[in-house]
Each structure stands twice: as structure tokens, then as C-alpha cells.
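Below is one structure; the comments refer to it alone.
Counting convention: from 1, in listed order, for ligands and their atoms alike. Because only heavy atoms are used, hydrogens play no part in the values below, and waters and symmetry mates are left out as well, while side chains stay in.
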Amino acid sequence: MIFHTMIHIDPQANLIEIFSGIQGEGLLIGERMVFVRFTACNLTCDYCDTPMGRPLDTVVQIEKTPGRRDFSTRTNPLKVAEVTQSIRQLTRSAGLHRWVTLTGGEPLLYPKFLEALIPHIQAAGLQIQLETNGHFPKRLESVGPNIDLIAMDIKEKCDGGQLETSLRFLEVAKLSSRVYLKMVVRPSPDIAHFVQTARSVSQIDPNIPLVLMPVTPFGPIHSPPTPQEILHLQERLLQEHREVRVIPQTHKITGQL
Ligand code: SF4
């Protein structure tokens, strides 16, 4: 007689931190939310402000009281139940949070974990934003329909970005959820890349917001693009796409995480 045994594997993920903070970029800028930051990334942007998001960290910082920065530490990997409990702890006071942002690193490195975690966040009555570099379209198919808003980066070749993959990802994203795009703008931006991207995005859907984010100097990047470069780029892209906005990062200015 053959016995079939169901093996239940509890998905786990490597995280950097879980905390309550103010969203510093994109369309939800200024919203108070809980950030669940995953570690590791498949790309290598030189302006990355989460360079520790590349290797696998061993320690996770978890805030106990929202906004107090009273972190406790745990060891990676974490289980879904542990992350759920940390989110519940931070969102106990009514009215403070409406959103949880899943960010990184690259959250879609952990698709099974996201699939298991998301229903718990929804059960807590919170909306979910996924911040992603948009390079795993297949993985988004199972996760996307339960995400309220997808904030998708379109990366340049020098960061490891592949426009074709990004556009495939965008096709999947717009079928499953609300989505907007972010593109970081370095000094002397590669206009041809931006134009090609805006044109392709417009063919997919002319109403998807495209946010230009002047780079925040960090690491090897010493200055943002000039005001003239930004004005010229927006003007050029508005010839290709209906909605192009310039929204810089604010969390560094306000001293947020
Ligand atoms: S995609 Fe995001 S997390 Fe990954 S290297 Fe680039 S900026 Fe950093």
C-alpha cells in the first residue's frame, strides 16, 4: 500500500525591516503606512538606497510602536505568521494606517510568501501597494490580483533593466491592479530611452501615470539632474504620453526612513 503524505511547507522570506513611516515617493507620497522591506534584489542600480537589499541579511529590524523607532531584532528568514503579527502590532491604533507597502529589495523574489501574506493584510482591513522593479511578470500573475496598487519602476540598461521584460510586466500589472510607473532621472538623462519607454507605455495604456523621479544624490551619484534637464525631459515625454509628472523623493528631506 502506498501512503501519500501532504507536506505543508510554510513559506519564509528574508527581510530587512518592518516599520511605520511616511511614504516618500510616487503617487501615495505623504501617506502614513507600514513598510515591509524585503532583502535581496536582482538588479544593481548605482543610486540604490537599500544596498543592503542585495545580499541576504541575517537580521531583521522590527518596530514595536509605530513611529517610535523602538526596533527589536529577529533572525531571517521570517514566517508569514511572524510578519502578520508585526503588521497587526503596528496597525493597532485605529486610523493611523490605511496602507501596507511591500518593498525591497525586490519583493517578487518571494512570490509564495507574498501569496500567503497578502490575505492576512487584507483581513486586517489594509490596502496593499507593491513596489517592484518589474522584472518578474510570471510571478505577478498569481500575486497581482490581490494588490491594490502596483508602483513599478522602469530601470535603465545600466541598472540591469530590460525594457521588453518591463513592458510584459506592465501588461500583466494593468490587467490585475491599478498601476503607475516610476523612472529615476540621472543628470544628462538618456532621452532616447525615456522617449522609447513613454511611447511603448502609451501604446499599452495612455492613462497609466508615469512619474519622473529626479535622482536623490547617494553613493556614486553626486548631483540631481538640472532644472532645465527635468523641464526638457517632461516636455518631450508629454509629446509621447498623456500623464507624465515630476515627483522627487521626499523621505530624505524630512529625515524619514
Ligand atoms: S531595483 Fe530597487 S532595490 Fe534593486 S538595486 Fe535597484 S533601486 Fe535597489
Side-chain angles (χ1 to χ4, degrees), residues 13-19 21 23-29 33-61 76-77 100-111 113-114 128-140 143-144 147 149-170 172-173 179-187 189-190 193-194 197 201 210-225 247-253 256-257:
N14 293 294
L15 277 80
I16 298 172
E17 56 196 359
I18 303 174
F19 66 98
Q23 177 59 254
E25 57 185 58
L27 295 188
L28 294 181
I29 204 161
M33 54 181 68
V34 171
F35 291 84
V36 177
R37 193 183 308 283
F38 293 82
T39 191
C41 186
N42 52 311
L43 299 186
T44 52
C45 313
D46 53 4
Y47 49 75
C48 183
D49 63 0
T50 326
M52 53 185 176
R54 292 178 196 164
L56 289 179
D57 289 81
T58 50
V59 172
V60 192
Q61 303 278 346
N76 273 318
V100 170
T101 284
L102 305 171
T103 189
E106 175 49 55
L108 284 171
L109 292 179
Y110 308 95
F113 187 87
L114 295 184
I128 302 167
Q129 172 175 243
L130 171 69
E131 292 184 335
T132 171
N133 62 42
H135 275 69
F136 295 105
K138 201 79 204 134
R139 295 180 187 187
L140 186 68
V143 174
I147 303 283
L149 185 61
I150 298 173
M152 174 194 163
D153 289 333
I154 294 203
K155 298 294 187 183
E156 294 187 66
K157 263 197 196 130
C158 57
D159 304 319
Q162 293 169 345
L163 184 55
E164 219 174 277
T165 311
S166 300
L167 295 173
R168 268 211 313 282
F169 188 96
L170 180 59
V172 178
V179 58
Y180 71 94
L181 303 169
K182 288 184 289 182
M183 294 183 81
V184 173
V185 185
R186 293 178 167 89
D190 176 356
H193 165 73
F194 282 88
T197 303
V201 168
L210 170 54
V211 174
L212 299 177
M213 215 162 61
V215 71
T216 307
F218 186 82
I221 308 273
H222 300 297
S223 58
I247 306 179
Q249 289 185 317
T250 60
H251 53 282
K252 297 267 167 60
I253 303 169
Q256 302 298 321
L257 289 175

Problem set entry | Location of contacts on Glu106 toward ligand 1, heavy atoms closer than 4.0 Å | neither

For this session: Run the numbers for me: atoms of ligand 1, each under 4.0 Å from some heavy atom of Asn133, listed by number.
Result: 1 (S)

For this session: Flag the pair Arg186 and Asp46 as a salt bridge only when some basic side-chain nitrogen lies within less than 4.0 angstrom of an acidic carboxylate oxygen.
Result: yes

For this session: Identify, with sequence neighbours excluded, every residue that meets ring-ring contact (aromatic ring centres under 6.0 Å, His included) alongside Phe19.
Result: Phe35

Exercise. What are the atoms of ligand 1, with element, lying closer than 4.0 Å to any heavy atom of Leu43?
Worked result: 5 (S)

Exercise. Ligand 1 versus Cys41, non-hydrogen atoms closer than 4.0 Å: side chain, backbone, both, neither?
Worked result: side chain

Exercise. Of the options Val100, Thr101, Thr103, Ile147, which is the one that meets Leu130 in a side chain to side chain contact (heavy atoms under 4.5 Å, CB included)?
Worked result: Ile147

Exercise. Residues two or more places apart in sequence or in another chain: which of them pass side-chain hydrogen bond (donor to acceptor under 3.5 Å, both in side chains) with Glu25?
Worked result: Lys182, Gln249

